[in-house]
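Side chains included, hydrogens not; waters and symmetry mates left out as well; all remaining heavy atoms used. Chain letters run A, B, ... following the sequence lines, proteins first, then strands; residues in each count from 1.
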Amino acid sequence: MRPPVADPVSPEDRTPGVAERLAAEALIVDVEGFEGPLDLLLTLSRTQKVDLRRISVLQLAEQYLAFVNKARALRIELAADYLVMAAWLAYLKSRLLLPPDPSDAGPSGEELAAHLAYQLERLQAMREAAAQLMARDQLGRDFFARGLPEDLRQVRRVSYAASLLDLMQAYARIRTKDEFRPYAFDRRDVYTMEQALERLRGLIGFAGDWVDLLEWLPQEWEADPARRRSATAATFAATLELAKGGQVEIKQTDTFAPIQIRRKP
Amino acid sequence: MSEIRDRQFAPPSLAEQERMVEAMLFASPTPLSLRDLTARMPPGADPAEVLALLRRRYEGRGVRLVRVGEGHAFRTAPDLAWLMQTERVETRKLSRAAIETLAIIAYHQPVTRAEIEEIRGVAVSRGTVDQLLELEWIRFGQRRMTPGRPVTYVVTDTFLDHFGLESARDLPGLRELREAGLLDNRPLPSGLRPAHDTAEDAPEGQTELFED
Amino acid sequence: MSEIRDRQFAPPSLAEQERMVEAMLFASPTPLSLRDLTARMPPGADPAEVLALLRRRYEGRGVRLVRVGEGHAFRTAPDLAWLMQTERVETRKLSRAAIETLAIIAYHQPVTRAEIEEIRGVAVSRGTVDQLLELEWIRFGQRRMTPGRPVTYVVTDTFLDHFGLESARDLPGLRELREAGLLDNRPLPSGLRPAHDTAEDAPEGQTELFED
């Protein structure tokens with residue numbers, strides 16, 4: 001609860017007595033309890049003791065300006081918000097007091113005043129709504145959730161997978177256990193792509209014309225079918241690699257027709 | 001395993017479904033949505049129908065089945081609050097700024113920070129919003145399709161749960177406020193704006209002097 | 001305040017007491033003893049009688065009123081326990097011991113544990129057989145009419161289903177295994193590779209290098 005706001009002091013009263021000073025200080029100290037200029041205006045408006053819709057905005061503006069002057073007299077620094085509002089209210093006051101200027105297209109003083117009254121009414125309404133909200137029954141205070149929740153357990157169900165191939169391999173492994181040895185890759189009969197690449201890089205310089213891929217197999221790999229297959233595969237993979245690098249072109253006129261390559265012109 | 005498979009053949013009876021929903025809602029500290037319930041029930045179950053049955057069954061009892069936004073939960077009857085002294089959880093007292101900000105978000109949602117500031121006439125401190133976010137009473141809504149695409153705030157189901165609201169439409173006095181035009185976004189008649197509208201641009205700290 | 005004083009004049013009705021106990025047991029994080037309940041209820045209340053009423057009321061429902069030591073609490077009905085868990089399926093490869101055991105059972109069924117051990121050359125752990133039983137890939141067959149009448153194992157329809165077999169007779173025989181290169185880990189002499197040695201049957205990508 002804040003103390004009632006002191007009567008507005010007109011700016012002319014520059015030499016306040018001790019009692020006035022104390023009253024003013026009480027008011028100023030209280031400034032920090034205000035939630036901004038609108039809140040201050042709302043509090044000031046209560047001194048008018050009328051419905052917010054019938055409030056005298058002019059009187060309110062004067063009250064506010066007096067308040068700000070008082071704060072200044074006491075060398076209390078007001079936040080920018082309060083000063084900007086003071087400037088705006090001073091402007092509003094002049095608009096309300098002076099006869100309207102027909103050349104001015106802006107909103108009239110009355111429109112501005114009506115809007116300010118609306119803002120105050122809205123803020124007041126929100127405060128009341130907030131109070132109603134907080135007065136509601138609240139979880140953990142007025143009503144309660146289950147105190148002993150039974151947690152949803154995460155059950156991990158493991159599904160085991162095995163393919164027929166796994167099964168057969170497992171069986172084969174057992175049946176050949178005596179002679180079983182870890183599979184060793186027989187390098188002797190494998191022609192690697194690296195080997196083929198190296199060989200092709202050496203040869204490609206001479207291949208201006210289309211050459212059958214098979215003609216480029218290393219001779220010592222041609223006799224044995226398994227070795228020949230390995231060399232063919234490796235060489236083909238190597239030509240694809242070279243084609244990717246833009247060094248050769250590949251063509252095949254028909255399905256299963258010989259694959260031909262040449263250096264990219 | 002085979003039990004689960006059996007259950008898939010025919011949906012359980014309504015009575016049985018009622019037991020299931022009752023068990024799930026009793027066990028859960030947080031509201032469960034229709035979708036949560038359906039996901040855990042056997043195919044063919046219709047928790048929506050069962051919820052109505054269950055709600056009637058618990059009418060007037062010590063615990064009630066309440067609706068909370070998209071969710072459903074059992075909660076003790078508020079008139080028995082006096083029995084629950086030991087269960088009472090002391091919540092951190094919210095500042096006046098936080099309470100007002102919460103109310104503005106609830107009644108005006110979705111609402112941007114600038115709009116909150118216009119209504120309160122003062123800058124909203126970061127801490128205030130953070131506190132409400134942390135309580136999970138508010139969350140970010142969709143961005144407003146205006147210059148700067150500001151984020152909006154809306155209230156959550158946790159908020160509804162806390163204040164015993166079925167939906168944000170059940171906020172106290174909402175209709176009256178709307179009819180009085182107090183929830184309109186009514187801008188100032190001209191470009192001339194009072195000070196608080198620039199609060200967002202105001203140097204931080206200064207305006208916060210006046211926050212709680 | 002006056003409400004509390006009023007309550008002291010006459011004990012609340014049994015129905016009202018039932019609501020109270022229901023709410024307290026629901027909200028309490030621990031089971032409540034008769035003494036706890038009495039302490040929290042208005043004078044003249046008889047929680048013992050109310051507990052009996054309440055227990056009957058929840059009979060057959062999704063939650064039950066159970067006694068936990070000296071206390072009383074609500075608990076999910078045991079037959080609905082499966083609703084309180086979510087399943088996360090994790091696929092794992094069978095252990096080598098398990099797959100080998102399974103293979104032996106598949107190829108030699110009905111087969112005793114001693115026979116499996118003889119073929120594998122190592123003892124078969126109880127866990128391995130249990131795992132296969134649990135997967136419902138094997139089951140007990142008839143007992144062998146030999147001394148000790150050992151149980152035999154056979155594969156199940158679930159097994160056939162999982163491996164896409166019509167019957168256990170569809171399992172590739174030794175000859176096919178050999179032809180598939182599964183029995184022989186050395187490359188066959190060049191040119192002698194059987195025509196049906198398609199990639200599908202081949203064990204690993206390695207042999208594919210040599211395919212046409």
Side-chain angles (χ1 to χ4, degrees), chain A residues 31-42 79-89 91-92 105-108 111-112 114-116 118-152 157, chain B residues 26-30 64 66 73-78 80-81 84 87-89 91 94 96-97 99-100 102-104 106-107 118-123 161-165 171-174 177 180-183 186 188-196 198-199 202-203 206-207 209-212:
Chain A
V31 164
E32 298 191 11
F34 288 111
E35 302 258 337
L38 265 194
D39 184 26
L40 174 57
L41 279 168
L42 198 55
D81 279 1
Y82 288 80
L83 300 178
V84 178
M85 178 59 90
W88 189 81
L89 286 173
Y91 166 79
L92 175 60
S108 69
E111 282 171 319
L112 294 176
H115 186 73
L116 180 61
Y118 169 73
Q119 282 182 296
L120 292 175
E121 197 188 346
R122 183 172 60 179
L123 180 59
Q124 180 61 31
M126 279 300 109
R127 295 232 162 121
E128 282 159 11
Q132 281 187 59
L133 188 64
M134 299 314 282
R136 282 187 71 84
D137 289 335
Q138 292 182 35
L139 180 65
R141 191 187 77 182
D142 306 298
F143 60 94
F144 296 83
R146 176 83 184 270
L148 190 65
E150 290 167 70
D151 281 336
L152 202 55
R157 190 161 65 82
Chain B
F26 242 80
S28 172
T30 51
R64 308 181 310 170
V66 298
F74 278 115
R75 298 288 181 249
T76 63
L80 298 175
M84 311 292 163
E87 277 79 31
R88 248 183 115 132
V89 275
T91 42
L94 282 183
R96 187 172 142 200
I99 293 169
E100 275 181 31
L102 178 65
I104 291 168
Y107 284 83
E118 187 184 327
I119 293 168
R120 293 197 65 228
V122 74
D161 192 18
H162 187 90
F163 291 98
L165 294 162
L171 284 164
L174 184 72
L177 287 172
L182 288 168
L183 299 182
R186 197 184 293 178
L188 193 66
S190 85
L192 221 185
R193 324 221 98 210
H196 56 260
T198 59
Q206 230 179 18
T207 48
L209 270 181
F210 296 89
E211 293 286 309
D212 282 5

Derivation and outcome, side chain to side chain contact (heavy atoms under 4.5 Å, CB included), residues Asp39(A) and Arg96(B): CA-CA 12 Å; Asp39(A) 184 26; Arg96(B) 187 172 142 200; 3.0 Å; yes
Within-4.5 Å side-chain heavy-atom neighbours: Phe163(B) and Met134(A): yes
Contact check, side chains of Glu100(B) and Leu123(A), non-hydrogen atoms, under 4.5 Å: yes
Under 3.5 Å: donor-acceptor pair, side chain of Thr76(B), backbone of Phe143(A):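 Answer holds: no.
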Partner set under side chain to side chain contact (heavy atoms under 4.5 Å, CB included) for Arg64(B), not counting sequence neighbours: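 Checked Arg64(B) against side chain to side chain contact (heavy atoms under 4.5 Å, CB included); matches are Val66(B), Ala77(B), Pro78(B).
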Partners passing side chain to side chain contact (heavy atoms under 4.5 Å, CB included) against Leu148(A) (at least two apart in sequence or in another chain):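 Expected list: Arg146(A), Arg75(C).
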Side chain, backbone, both or neither of Tyr107(B) within contact of chain A (heavy atoms, under 4.5 Å): side chain
Part of Arg122(A) within contact of chain B (heavy atom distance under 4.5 Å):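 Contact with chain B is through both the backbone and side chain of Arg122(A).
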Spacing of CD1 belonging to Ile104(B) relative to CZ belonging to Arg127(A), to within rounding of 0.5 Å: 8.5 Å
Stepwise side chain to side chain contact (heavy atoms under 4.5 Å, CB included) test for Glu121(A) and Leu182(B): CA-CA 8 Å; Glu121(A) 197 188 346; Leu182(B) 288 168; 4.0 Å; yes
Derivation and outcome, side chain to side chain contact (heavy atoms under 4.5 Å, CB included), residues Leu133(A) and Leu171(B): CA-CA 8 Å; Leu133(A) 188 64; Leu171(B) 284 164; 3.9 Å; yes
Of all the heavy-atom pairs spanning [X] and [Y], show the shortest one and how long it is.
X	Y	result
Pro37(A)	Gly121(B)	CD-O, 3.5 Å
Ala97(B)	Glu35(A)	CB-OE1, 3.5 Å
Ala145(A)	Pro29(B)	CB-O, 3.9 Å

Met126(A) vs Leu177(B), side chain to side chain contact (heavy atoms under 4.5 Å, CB included): CA-CA, chis, key distance, verdict: CA-CA 9 Å; Met126(A) 279 300 109; Leu177(B) 287 172; 4.0 Å; yes
